[in-house]
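Report on the structure given below.
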Amino acid sequence: MGRVFSGLQPTGELHIGNYIGALRQFTDQSGHYYCVVDLHSLTVEPDPATLEARSLDLAALLVALGLGRKSAVFIQSQVPAHTEMTWLLACEARIGELNRMTQFKVKGRNRPQSSVGLFLYPVLMAADILLYDIEEVPVGDDQRQHLELIRDVAMRLNSHYGDVVVVPRAVIPTLGGRVFSLTDPLQKMSKSDPDPMSKVLLTDPDELIVRKIKAAVTDSGREVLHDPVAKPGISNLLEMAAVLSGEPVTVWAERYRSAGYGPFKQAVADQVVAVIGPLRDEAQRIRKDPAELGRILEDGRLRAREQADLRLSAVKRAIGLHL
Ligand code: AQP
């Protein structure tokens, strides 16, 4: 596997969609970078009272996944090269292409009060990735468009100044790239959905996970079938269970086909608890050990800084900026 970067925002609480689409693919290898992108979270209503605590919660979760030993786990705002690189790339990105980004269209366009930061969100993301000579970016399907933009910006930079950055590619899981809401299986499961029943959080206690899965909106009929068009609710649960168990969707569908929705949902809930429960408990344990977490983050910061400064200098030199 090539060098990997992935960033997660310390906004809202992470859900099972974030786990299945992104976190689950992360592996602890040297040359891999996992980042708490606190600067990205400033693009929508930052809350100074909770930002630092949320960043540390997220860092603890990454460490609980086994990251930060060989790979670097760090906090974006602690590596100044990210913001400097953002300006250099902002001068390569085009207003037209940023305007076409679906995330911007949904969250910010036509709202004069939206921050310029929201518009530049994918440029900061480009800086995150291009600083680390990244080949692969494991993300959910909703980030596909941003990754395409980042590739275009990287290629434009290279064509203007010589091959100064590696052009990355998105790695999107074929199954689970888009986990859907438990209350509306036609919508993406989303941090910003105000309905707590729409998502299983990675901090939810076991009983609540079971309650949410049992209450998930399902389809008419009682047969457990994988048919995302006719049975989006059941198909969403089937895909979730398959990804988390490592068994094919067909095996799950066959096993519960005529058992009825009740026993099927209970089995899915048990599977979710079996994966999320230990991760949640380990993240809580690490969060209560600030010395250990601080040591891992400091080590990550130093490693990230070394690489980021190196790439930033190379880009500045190529552009003709005096170093
Ligand atoms: N529903 C999903 N299914 C699969 N993957 C998903 N991801 C997000 N939602 C799903 C992936 O998880 C990572 C999250 O990165 P983030 O923390 O920067 O994302 P976010 O935008 O704060 O989280 P949401 O839930 O996507 O929030 P909303 O919808 O409110 O903006 C990314 O790799 C993403 O693809």
Side-chain angles (χ1 to χ4, degrees), residues 6-28 32 34-38 41 47 50-69 71 73-75 138-140 173 176 178-183 188-216 236-237 239-247 265-297 300:
S6 197
L8 295 151
Q9 293 194 79
T11 44
E13 285 198 65
L14 267 72
H15 50 72
I16 188 95
N18 301 131
Y19 178 81
I20 290 177
L23 294 167
R24 165 182 81 85
Q25 306 182 75
F26 299 174
T27 55
D28 189 44
H32 289 200
Y34 299 104
C35 184
V36 176
V37 293
D38 53 350
S41 75
D47 178 5
T50 58
L51 182 55
E52 186 179 352
R54 281 184 184 281
S55 294
L56 293 174
D57 290 346
L58 187 45
L61 181 70
L62 293 171
V63 173
L65 281 167
L67 308 171
R69 279 76 177 177
S71 57
V73 171
F74 68 103
I75 297 183
V139 281
R178 186 170 290 251
V179 175
F180 294 91
S181 158
L182 297 179
T183 47
K188 179 180 97 92
M189 187 180 284
S190 180
K191 278 183 190 166
S192 52
D193 190 329
D195 183 354
M197 295 303 278
S198 69
K199 54 202 158 182
V200 169
L201 301 179
L202 301 187
T203 48
D204 279 345
D206 293 354
E207 327 72 77
L208 186 56
I209 296 178
V210 174
R211 192 142 41 87
K212 286 180 175 178
I213 301 275
K214 283 190 164 174
N236 190 35
L237 294 179
E239 290 184 16
M240 218 183 269
V243 167
L244 295 177
S245 65
E247 288 178 310
K265 282 177 161 179
Q266 180 65 54
V268 175
D270 291 344
Q271 182 60 58
V272 174
V273 166
V275 173
I276 298 310
L279 179 62
R280 174 199 61 215
D281 296 347
E282 179 63 358
Q284 282 168 3
R285 187 193 67 73
I286 292 163
R287 186 68 170 92
K288 287 188 193 131
D289 186 351
E292 167 72 352
L293 184 57
R295 192 191 55 69
I296 293 173
L297 286 176

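Fair warning: this is a prediction, and the values are worked out from it, not measured in the lab. Along the sequence shown, residues are numbered consecutively beginning with 1.
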**Request:** Test K212 against every option in I16, T183, L201, V272 by the side-chain contact (heavy atoms from CB on, under 4.5 Å) rule and name the one that passes.
**Result:** L201
**Complete:** Exactly one of I286, D289, L297 clears side-chain contact (heavy atoms from CB on, under 4.5 Å) with V63, and that residue is I286
**Request:** Could you please spell out the steps behind the side chain to side chain contact (heavy atoms under 4.5 Å, CB included) verdict for V73 and F26?
**Result:** CA-CA 11 Å; V73 171; F26 299 174; over 6 Å; no
**Request:** Taking only Lys NZ, Arg NE, NH1 and NH2, and the carboxylate oxygens of Asp or Glu, determine whether D204 and R280 approach each other closer than 4.0 Å.
**Result:** no
**Prompt:** Mind checking what makes salt bridge (charged side-chain N to carboxylate O under 4.0 Å, His left out) contact with D193, not counting sequence neighbours?
**Reply:** none
Considering all heavy atoms, the nearest [X]-[Y] contact:
X	Y	value
E13	R54	CG-NH1, 4.0 Å
Q271	L244	NE2-O, 3.4 Å
A241	V268	CB-CG2, 4.1 Å
G300	F74	C-CB, 3.7 Å
A215	K265	C-NZ, 4.4 Å
M197	R211	CE-O, 4.2 Å

Quick one: does [X]'s side chain get under 4.5 Å of [Y]'s, heavy atoms only?
X	Y	result
T27	Y34	yes
Y19	L65	yes
L62	L23	yes
M240	L182	yes
L51	P10	yes
K199	V179	no

How far does [atom1] of [X] sit from [atom2] of [Y], to the nearest 0.5 angstrom?
X	Y	atom1	atom2	answer
L56	L61	CG	CG	12.5 Å
K191	S198	NZ	OG	13.5 Å
S190	N18	OG	CG	8.5 Å
S71	I296	OG	CD1	9.5 Å
E292	R285	CD	CZ	7.5 Å
T203	I209	OG1	CD1	9.0 Å

Give a yes or no answer on whether the side chain of [X] reaches the backbone of [Y] with a donor-acceptor pair at less than 3.5 Å.
X	Y	value
S6	P138	yes
R178	G17	no
D28	G68	yes

**Item:** Whether over 12 other heavy atoms sit under 6.0 Å from E52 CD
**Value:** no
